[in-house]
Amino acid sequence: MAATFPPGGTWFDTLTKSFADVPIDAANDDAISTDDFLQAAEALVSLFDVLGSVAFNPVKSDLLGNIKKIRDRRLEAPAESETLQALVLNELKTKKHTATEGLLWLVRGLDFTAQALRHNLDNPSSELSDSFRNAYGGTLKPHHSFIVKPLFSAAMSATPYRKDFIAKLGDSQVNVDTAMSKEVAALEKLLDILKKFQARKEAQWK
């Protein structure tokens, strides 16, 4: 497979939008820009292409499907959906929750991804399969049906060896770890804000 990164750089340099560049309006209840967040999420989803197995197609499709639900609502009601929080609260006022539910699942899917990468960064001797399995058990697995679980389990088993994965992300382990740490930390911060928001009564439809 051809290198997916610029000479001397990393795969993370090729992302069209980084989570580190997603604005958070601290003066407005930590409101997160809908467009920027969705662009960064779409960019990170391409990481599953780097993992290089069709077993990850269900994971990728799930993430992209939820991104589409949120974007559809953004297009349908642009003035009410500039931030993710506003999008949720305004959609729920209409007695619908398609995008709200999409965001819930997108957060779970991104949390799964972030936790897998964080585990691998913090445990250099761990193989990717262990990191992804560990993350799956604490994020998506409790919410998945018995039909979906085997699909995701197959993906966990199809992860490449850690050294082969790193080689696809950059030619320097140090540079890859630095870039990955920056992206994961930024994503973790956003997910923390969103999970706290989603736990609030006004952000729930059930």
Side-chain angles (χ1 to χ4, degrees), residues 1-5 10-16 18-19 38 40-70 101-188 190-192 194-195 198:
M1 180 180 170
T4 54
F5 53 87
T10 72
W11 174 83
F12 293 94
D13 300 325
T14 70
L15 297 179
T16 52
S18 166
F19 281 110
L38 294 181
E42 273 180 332
L44 187 65
V45 167
S46 61
L47 181 70
F48 291 103
D49 294 329
V50 180
L51 286 166
S53 169
V54 293
F56 278 100
N57 285 352
V59 184
K60 184 179 172 185
S61 296
D62 187 61
L63 289 163
L64 291 175
N66 289 311
I67 289 171
K68 183 180 185 303
K69 288 177 184 176
I70 300 163
E101 192 170 358
L103 181 61
L104 179 66
W105 279 100
L106 179 59
V107 165
R108 287 170 178 166
L110 291 173
D111 195 21
F112 157 67
T113 309
Q115 286 194 31
L117 296 178
R118 169 61 65 199
H119 183 271
N120 216 247
L121 283 165
D122 293 348
N123 300 275
S125 60
S126 273
E127 280 299 338
L128 273 181
S129 55
D130 294 329
S131 295
F132 274 95
R133 253 189 222 102
N134 183 67
Y136 181 58
T139 53
L140 290 167
K141 189 176 182 179
H143 308 287
H144 275 168
S145 69
F146 70 93
I147 297 172
V148 176
K149 283 176 185 173
L151 297 175
F152 275 70
S153 293
M156 308 305 109
S157 302
T159 50
Y161 287 115
R162 177 192 174 91
K163 63 179 177 58
D164 296 333
F165 178 58
I166 297 297
K168 291 179 180 180
L169 297 178
D171 47 23
S172 162
Q173 172 88 48
V174 173
N175 290 348
V176 169
D177 284 351
T178 300
M180 190 185 296
S181 293
K182 179 186 174 186
E183 192 68 13
V184 171
L187 175 54
E188 287 171 335
L190 291 161
L191 292 174
D192 185 55
L194 288 170
K195 283 192 279 188
Q198 289 173 332

- Message: Test side chain to side chain contact (heavy atoms under 4.5 Å, CB included) on Asn66 and Leu103; report intermediate values, then the result.
- Response: CA-CA 7 Å; Asn66 289 311; Leu103 181 61; over 6 Å; no
- Query: With under 30° as parallel and over 60° as perpendicular, where do the rings of Trp105 and His143 fit, or are they tilted in between?
  - Reply: perpendicular
- Item | Smallest separation among heavy atoms of Val184 and Leu117, with atom names | CG2-CB, 3.7 Å
- Message: Is there a ring pair (Phe, Tyr, Trp, His ring centres under 6.0 Å) between His119 and Phe132? Walk through the geometry before answering.
- Response: CA-CA 8 Å; His119 183 271; Phe132 274 95; 9.9 Å; no
- Note on the structure: Between Ala186 and Phe19, the two heavy atoms sitting closest are CB-C, 3.7 Å
- Message: Which heavy atom of Gly109 sits nearest to which heavy atom of Leu140, and what is that distance?
- Response: N-CD2, 3.9 Å
- Message: We want to know whether Ser131 and Arg118 form a side-chain donor-acceptor pair, criterion being a heavy-atom distance below 3.5 angstrom.
- Response: no
- Just by modelled atom types, is the Asn175 backbone N or O under 3.5 Å from a matching donor or acceptor in the Ser172 side chain? yes
- Message: I need the minimum non-hydrogen distance between Thr139 and Ala135, along with the two atoms involved.
- Response: OG1-O, 2.7 Å
- Is any side-chain N of the basic residue among Glu101 and Lys69 closer than 4.0 Å to the acidic one's carboxylate O? no
- Step through the shown structure and confirm whether more than 12 heavy atoms of other residues, nucleotides or ligands are within 6.0 Å of NZ on Lys182. no
- Can you name the nearest heavy-atom pair linking Asn123 to Arg162, along with the distance? O-NH1, 3.9 Å
